[in-house]
Structure formats: structure tokens, C-alpha cells
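One is the number of the first residue; the rest follow in order along the sequence.
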Amino acid sequence: MWQYNWFVFALAINTISAGILFLFTWKFRKTAGVQYFALFLLSCTIWDFACIFELSSTVLTTKILFSKISYIGVVSIPNFWLFFAINFSQKFKIKRPSPLFWIVPILIFIATLTNEYHKLIWPDVYLTNTPYGIIAIYKHGFLFYINAIYSYILLTIGTVILVREAMDFPKIYRTHSFILCLACCIPWFSDILYVMGLSPIKGLDFGTFSFTLSAVLIVFGYLRLKLFTITPIAHKIIFSNIVEGIIVTDRDNRMVEINLFAEEIFNGKFTVGHSIEPALKSVCPNLIMDLFDKEQEISSTGGDQDIWYEFKVSQVKNFRGDLLGKIFIFRDITERKKTENTLKQSEKHLSELNEIKNRFFSILSHDLRSPFSGLLGFVEILKEDYQTLPDSERESFINEIDLTVKNIYSFLEDLLEWSRLNMGSFQMDREPVNLYNEVENVFTLLNYNAKRKCIVLINELNEQDCAIADPSMVKLLLRNLISNAIKFSQNDGEIRVYSKTNSSKIEISVSDTGVGIPQEALQKLFRLDTKYTTPGTANERGSGIGLVLCKEILDKLDGEIKVKSELGKGSIFTFSLPHK
């Protein structure tokens, strides 16, 4: 026979609820602890299901049968509760719980099935009439108390683990902590009422309701507050091991959590309770505090060298969309920035080398081909018409050939020196060089060219003027600058070489009274990628590489070169070299 009352109806609803929760949570079994939480719910469902038939029956043997079936859930719940707590907290390096945990539950279940032979679970069971129907009263035997003690131990350990984990949550997650603690305490409150005989209905155990209610709270926490997400579960693991700065603030921008990396950045000056804004501004004044979910690359202030950080600010909201606080994450990207700068410099250097290469081939194809074309033309005319040409024309052609060959030779000399300077293995000598003597030697070399234009060469250097440099390079510098001065000076002009000395440098100036250089052309004189060359006053030709060569020589000798010029009045080229 069967009986029905409101308690059976409530138990049926409880069973359905537990079953639905089991099916729901089983889908997320790969999340830490959820697999065991789902099995915990399955155990509750089995217990509830058996209790429905035990309470509905009015026959003692039927009640005992379903009580035995309910023990499948009774002995399993403590184990799955503990396994859930261990995996949820992630504080223990346990992949799978030991099978030894199941020895006592299995023995208790076998003893329950065979209770008629030893009476160690229920020494006596009898029926009693109540306002709620016929209820079975179970006397408790020795093994029942063994199971109770074992179950209480496991439940206590699991509860302590979960409560401690809840109390360790950041302050910003107070709601999560409250829900988890409440879910742990409800079964204990219900069990205390049953054991002390304070249950509202004598003989009825509300434990199955309490466990299901705890499960409902935990699932609510998962759905609404993301209780199983990484933030609360692995909070300690993140803050202990991550190599990035993490700061959690409340809605008033006060720091409620700060990890070791961030504390080191602040040198311990700012910690929990301080406002986040002055803390971050002390490191990176340009940080935008309300730029959410976008990365900012900020350079730190102070110190011997710049330190770069990558910042990201995110908002923390509850399920209603209310702002709870913010999370600031930042990492040191100094090495990455150094690598990026190195790559940019390498790219720039490669681009410059490519331009030099292109300019080099342009020089070879144009500045050598053109004079050789003219030279071949003069030679062809002399070879074919030498006998018929007047002496004056033959002399003119020979002079032209002579001038062209000298220009080509001078150009090749400069080009070879420039190529040698750009070879990685080239080394400059550093020794004292008497500048007065070097100028005199160059004047002697170029005296013929100057006399052709009646140009006066004046050496105003002191005989003791010296520089620390490579002698051959200094000679090349002076030859190029004085040769250019002669080329662009009018007849009866004047070229002066003079010096000025300061504490560490000596400046040598070469001035002429020539045609001068347009202001817009001054920036092109020392660049290989923007050739600037014009014929001299006697139609002398040049390659445009001489001043580039001077600039590169001075770069390698820790010197510099500059120019002042005015059209129609002449130019002054000044270069400096170390003299001590």
C-alpha cells in the first residue's frame, strides 16, 4: 500500500531539482571540481529518489528495501563533497583521489544490504503512526555510527577547505565568499537538528533537502557570479606565480589586492588601501586611467634608463552590470622595446646602405661613362685626322684629354677611398699630424692649378698646429677642400687656410673668394643620395663625391664639418679634429 502527503510531494520536487542540477553541471565537468560536484548531485538525486518510495510505502519490508537503496547516495555524498572541495580550491596537487577513500563507504553499503544477518546498521526498525502518515523509526547500530563518524570527518574537511577558500577570496568578491560559506553551513545545521531530535517532524531526516539547497546556492553562484571562474578559484596561484603586475581596485579606486610584482614596482610605497591613481602616476604619469580593455605602452619616469610597461585596464561588474571595481594588469616590455628599436635602427641602416649602393652604381654608370665617352671621341678624332688638324686644335684636344684623364684619376681616387672607408675592416690611424706641413704639401700639389687662374694660396696656420688623426686622411681632406676652392674661384682670387683652437678641438677653415653656393644646395653637399655638382669657373668638372668623402672621414675621426657661403662672395668650409 502507498500513502501520499505534502512531504512526499516536496521530496519529489527536491529530487527533480537535484536531477536537473546534475544534468546541468555535468556539461561543465572539465572545470576544476565540477565533475565531483555533479556526482555529488547525482548522489543526492539517488538518495531523494529512494526516500520518496520509502516514505510513500506503508509496508515495513518495502521501506527497509528503499532505505538500503538510499545508502548508495548516503555513503557517496561525503566523498564527492571532499573531492569537490579539494579540486575547487586547487591548493592540493592531487589529480585523482585515492581509491582508499571508498573502502569504508563500500563496506557500510554491503553491511546495509546484509543488515538482517548482523543488525549492525539497524538493530531494530518499527512503524509508527503520525499525522503525516506511517513512518519507519530506525534504531542505530555500531556500523551506523562508524559511517556517521567517517562521513562527518570527510564533510568537515571538505567544509573547512571550502570556507577557507571563500575567506581567501579578494575583498571585491565578498558575495562569492558569503554564498560558498552559506552553502557549506546549511547541511550541518540540518544534521544538528536531526541528531539532537529537534527536527520539525520526528523520524524525518531533512538532510537531503539541505544538500540540494546547498547545491542550488553553488549553481546560482556559478551562473550569476561566475563562482567557478579563474578569478576566485585560482586567485592565490595567479598572485603568487604570475610575472606581471596585477592590481584590483574597488569602485572608489582603492587598491584591494596587489601582487608582489606590482609592490616591487612601487618600492613598497603604495599597498592595499591606497588610491590607485597616485600609485600608477608615480611610475607612469601619462597613463590614461579610464581607457578600458585597450593596451597602452607607457615609458616610466626616473632611473638611469627608460623602463617601458604595457598596461591594460578592465572593469569588474556583477550580473546586473553594476561596477564593482577595476583590474589593472601591466608587464615590463623594456626588452621588447629595445629589440624593436634595434630592428628599426637596423632597418634604417640597411635602407641607407641600399641608397649608397644605388648611388654608387649611378656614379659608376654616369660619372665614369660620360668622361670616357668624351675621351674616346677626342682620341678617335686625333687618330683619324691627326695629319689634317691644325696645331692649335691638336693642342686643344690633347689639353682636353689631359684634363679629362686627371679628373677621372682624381674621381677614381676619391671613389676608392670612399669604398675603403665603408668597409667594416677599415681602421683609422690616430697619431699627431702637423697641419701646417700638410697644408704646404697640398699647396705644392695644387700650385699649378692655382697659377692657371692667378689664385693666391695663403697658409695662415701656426707651424705648431697639430691634430690627432690619420695623416693620409687629413691630406685627402685638405686636397678635396682646397681643390674645390680653386675650382670655384674666379681669376685673381684668394684662398686662405687658418685655424682656431679650443679646449679639445682644432678647427681648420678653407675660405675662398669664389662664386658661392645657393642656400638651398648647402644641405645636399655632404649626402651621397642627393648629388650636387656644378662646373667650376673654368668649366672644371667634378663627381660630387669629394665632400661626401670628407664628411665620412671626419665621422670616423670624431670630427665634423660645416659650411658658410654667400653667392658672389665665396665660401668657408670648416672642419674640426681632436688635437689632444
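- Ion pair Arg336/Glu340 flagged as a salt bridge, since at least one NZ, NE, NH1 or NH2 atom sits closer than 4.0 Å to an Asp/Glu carboxylate oxygen.
- The two residues Gly141 and Pro123 come nearest to each other via the heavy atoms N-CD, 3.3 Å.
- With values rounded to the nearest 0.5 angstrom, Ile52 atom CD1 is found 7.0 Å from Phe49 atom CZ.
- Atom CG of Asp555 and atom CD of Glu552 lie 7.0 Å apart (nearest 0.5 Å).
- Side chain of Asn79 to main chain of Phe101: a donor-acceptor pair is present (N/O by atom type, distance under 3.5 Å, no hydrogens or angles).
- With sequence neighbours excluded, the residues forming a side chain to side chain contact (heavy atoms under 4.5 Å, CB included) with Glu560 are Ser576, listed by chain and number.
- Scanning all heavy atoms of the two residues, the minimum distance from Leu120 to Asn115 falls at N-OD1, 3.6 Å.
- For the atom pair Ile86 CD1 and Leu82 CG, the distance stands at 4.0 Å (nearest 0.5 Å).
- Remark: Ile69 CD1 to Leu113 CG distance equals 9.0 Å, nearest 0.5 Å.
- Contact annotation: the side chain of Trp26 approaches that of Gln35 to within less than 4.5 Å [non-hydrogen atoms, C-beta and beyond].
- Summarising the geometry, atom OG belonging to Ser151 is positioned 11.0 Å from atom CD1 belonging to Ile146; distances are rounded to the nearest 0.5 Å.
- Residues satisfying the salt bridge (Lys or Arg N to Asp or Glu O under 4.0 Å) test with Arg430, not counting sequence neighbours, are Asp558.
- In terms of heavy atoms, Ile561 sits closest to Lys551 at CG2-CD, 3.9 Å.
- In plain terms, the two heavy atoms of Ala85 and Gly158 that are nearest each other are CB-O, 3.4 Å.
- Using a 4.5 Å cut-off on side-chain heavy atoms (C-beta onward), Thr62 and Phe53 make no contact.
- The 12-atom threshold is exceeded at CZ of Phe80, counting heavy atoms of other residues, nucleotides or ligands nearer than 6.0 Å.
- The aromatic rings of Trp81 and Phe40 lie tilted to each other, with the angle between the two planes from 30° to 60°.
- At least one donor-acceptor pair closer than 3.5 Å links the side chain of Ser70 to the backbone N or O of Ser67.
- The shortest distance between side-chain heavy atoms of Ile153 and Ile157 falls below 4.5 Å.
- If you look at Tyr138 and Phe144, their ring centroids are not closer than 6.0 Å.
- Nearest heavy-atom pair, Lys63 versus Leu127, reported as atom, atom and distance to 0.1 Å: CD-CD2, 3.6 Å.
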Ile121 vs Tyr71, side chain to side chain contact (heavy atoms under 4.5 Å, CB included): CA-CA, chis, key distance, verdict: CA-CA 11 Å; Ile121 299 295; Tyr71 260 70; 4.2 Å; yes
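- Atom CD of Glu347 has 12 or fewer neighbouring heavy atoms from other residues, nucleotides or ligands inside a 6.0 Å radius.
- Between the CG atom in Leu42 and the CG atom in Leu23 there is a gap of 9.0 Å [rounded to 0.5 Å].
- Counting only heavy atoms from C-beta outward, the side chains of Ser76 and Trp102 approach each other to under 4.5 Å.
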query: Can you check side chain to side chain contact (heavy atoms under 4.5 Å, CB included) on Thr61 and Leu65, steps first, answer last?
result: CA-CA 6 Å; Thr61 54; Leu65 172 64; over 6 Å; no
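- Here the side chains of Lys68 and Trp122 are in contact, with some heavy-atom distance below 4.5 Å.
- The shortest side-chain heavy-atom distance between Leu343 and Thr339 falls under the 4.5 Å cut-off.
- Of all non-hydrogen atoms in Pro578 and Leu557, the two that sit nearest each other are CD-O, 3.5 Å.
- With contacts defined as side-chain heavy-atom distances shorter than 4.5 Å, the pair Asn147/Val74 qualifies.
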